[in-house]
Chemist: 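I'd like to ask you about the structure that follows.
Numbering of ligands and ligand atoms starts at 1, following listing order.
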Amino acid sequence: MEKKDLDWGNLDFGYRKTDYRFVSNYSDGKWDDGELTTDDKVVISECAGVLQYSQSCFEGMKAYTTEDGRIVTFRPDLNGARMEDSCRRLVMPVYPKEKFVEAVLKTIKANEAWVPPYGSGATLYIRPYMFGSTPVIGVKPADGYQFRILTTPVGPYFKGGMKGINIRVSEFDRAAPHGTGHIKAGLNYAMSLYPIVKAHEDGFNENMYLDSATRTYVEETGGANFIFVTKDGTIVTPKSNTILPSVTRRSLIYVAEHYLGLKTEERAVRFDEVKDFAEAGVCGTAAVVSPVASVTGLDGTKYEFPYGKEEMGPTIKKLYDTLTGIQMGRIDAPEGWIYEIK
Ligand code: PLP
Ligand code: COI
């Protein structure tokens, strides 16, 4: 298989059309078998549930070329399970996680030529998504749905390499108590567009959302969870039922405990504690583990972490190196984490 002729080392985090995508339709109460297609266009009713009432959810994962030339993906079963949760909350039909994993592997295989080579810094981003495709005009769930998986080769989500990003506390809220913050609903991202555009205009890379009920606790950014390191080297991650349960964060906690012998705490993190941490990062499929250089509070006070401005702090770096080592086949993975595409 010949790789596509792309400048792999200089890809941004953008959409590039690849050869195949997976499509399955739900009608009369069941999913069809689904198939790979070269057609990148979606044709749906002008009154489709997704267009009127944003009935949509999605997932994100990556495929990697390992050091020894295999193509693998990382814990797609967890994404499949999370998408089931998203579907239930949005009254959409579950696409069973076993079939989800099968479809993901098939779509990667079909786009093998687009999986960036080992060492290029790029990966193949995989975006499964589902939407209400049939008409609704009264506020209710659609009857018909489409599940698709597209792939696109991507470079880093944040430019600037190992340099930390600058974050500000958002004056807007991301997720209401008992709302949809814990699932990957498209609507959570639509509402974050205004705050992220404003943050960029004001010179910040990302927003830190606080809990919307009390504005006391750290939640997450628009597209990644937080990870903090105390001065004595303990990993602290915010616990909240209004943040997305990040696969990357859950994996990093395991790596910290079982590979690096670090202490971890998943607990509510008050915003006023942030200034006391030695290192901070954001983590996610797109973000991987990106260091945070500073956080600016609502009152304009800027907290700069001792590490992060020019390079990753030592603990965040160890987490990054171990996680990416596992993903790229340099370090043995825990049982069941790596799915090889054959
Ligand atoms: N939080 C939000 C809001 C996200 O969109 C993402 C990305 O998927 C994450 C966290 C990180 O989750 P994961 O590590 O599963 O990609
Ligand atoms: C991911 O990390 O997969 C996401 O969906 C986050 C998004 C900001 C690209």
Chemist: When you compare ligand 1 with Asn79, is there at least one nitrogen or oxygen pair between them that comes in under 3.5 angstrom?
Modeler: no
Chemist: Any nitrogen or oxygen of Thr221, main chain or side chain, under 3.5 Å from a nitrogen or oxygen of ligand 1?
Modeler: no
Chemist: Is a donor on one side and an acceptor on the other found under 3.5 Å between the side chain of Tyr307 and the backbone of Ala293?
Modeler: no
Chemist: Does the ring centre of Phe100 sit less than 6.0 Å away from the ring centre of Tyr95?
Modeler: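 No, too far apart.
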Chemist: Val274 and Phe228: which non-hydrogen atoms are nearest, and at how many Å?
Modeler: CG2-CZ, 4.3 Å
Chemist: Under 4.0 angstrom from ligand 1, any heavy atom of Arg82?
Modeler: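 It does, in that a heavy atom of Arg82 comes within the 4.0 Å cut-off of ligand 1.
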Chemist: Would you call Leu244 and His182 a side-chain contact if the rule is heavy atoms closer than 4.5 Å?
Modeler: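 Sidechains of His182 and Leu244: no contact.
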Chemist: Give a yes/no verdict on whether any heavy atom in Arg127 is under 4.0 Å from an atom of ligand 2.
Modeler: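 Yes, Arg127 has heavy atoms under 4.0 Å from ligand 2.
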Chemist: Looking at Lys163 and Glu311, is any side-chain nitrogen of the basic one under 4.0 Å from a carboxylate oxygen of the acidic one?
Modeler: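 No, no charged N to carboxylate O under 4.0 Å.
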Chemist: Mark up the atoms of ligand 1 that fall under 4.0 Å of a heavy atom belonging to Glu220, in ascending order.
Modeler: 1 (N), 2 (C), 3 (C), 10 (C)
Chemist: With respect to Asp40, which candidate in Arg16, Arg21, Lys17, Arg148 satisfies the salt bridge (charged side-chain N to carboxylate O under 4.0 Å, His left out) definition?
Modeler: Lys17
Chemist: Checking the N or O distance criterion of under 3.5 Å, is ligand 2 in contact with Tyr189?
Modeler: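 There is no such contact.
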Chemist: With a 4.0 Å heavy-atom cut-off (strictly under), which part of Ala224 contacts ligand 1: side chain, backbone, both or neither?
Modeler: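 Within the 4.0 Å criterion, Ala224 contacts ligand 1 through backbone atoms alone.
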Chemist: Based purely on interatomic distance, does Tyr157 place a nitrogen or oxygen under 3.5 Å from a nitrogen or oxygen of ligand 2?
Modeler: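 No, there is no polar N/O contact under 3.5 Å.
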Chemist: Answer side chain, backbone, both or neither: which part of Arg75 comes under 4.0 Å from ligand 1, heavy atoms only.
Modeler: neither
Chemist: Taking distance alone, with N or O pairs closer than 3.5 Å, would you say Val247 contacts ligand 1?
Modeler: yes
Chemist: Does Arg249 pair with Glu266 as a salt bridge, N-O distance under 4.0 Å?
Modeler: yes
Chemist: Should you measure from each heavy atom of Gly284, which atoms of ligand 1 turn up under 4.0 Å away?
Modeler: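 That gives atoms 11 (C), 14 (O), 16 (O) of ligand 1.
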Chemist: Quick check: does Ala286 get an N/O under 3.5 Å from an N/O on ligand 2?
Modeler: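 Between Ala286 and ligand 2 (N or O atoms, distance only) the closest approach is under 3.5 Å.
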Chemist: Return a yes/no value for Lys184: is any of its N or O atoms, backbone included, closer than 3.5 angstrom to an N or O of ligand 1?
Modeler: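 Yes, at least one N or O pair falls under 3.5 Å.
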Chemist: Which of the numbered atoms in ligand 1 are under 4.0 angstrom from any heavy atom belonging to Tyr189?
Modeler: 2 (C), 3 (C), 4 (C), 5 (O)
Chemist: Centres of the Tyr303 and Phe277 rings: under 6.0 Å?
Modeler: no
Chemist: Which ligand 1 atoms does Arg174 reach within 4.0 Å, using its non-hydrogen atoms?
Modeler: 3 (C)
Chemist: Could you tell me if the side chain of Thr324 sits less than 4.5 Å from the side chain of Arg330, heavy atoms only?
Modeler: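 With C-beta onward as the side chain, the pair touches.
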Chemist: Which atoms of ligand 2 are found less than 4.0 Å from any heavy atom of Lys184?
Modeler: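 Result: 4 (C), 5 (O).
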Chemist: As an exercise, identify every atom of ligand 1 less than 4.0 angstrom from a heavy atom of Asn225.
Modeler: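 Per the distance check, 1 (N), 10 (C).
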Chemist: Got a salt bridge between Asp85 and Arg89, using NZ or NE/NH1/NH2 to carboxylate O under 4.0 Å?
Modeler: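 Salt bridge absent between Asp85 and Arg89.
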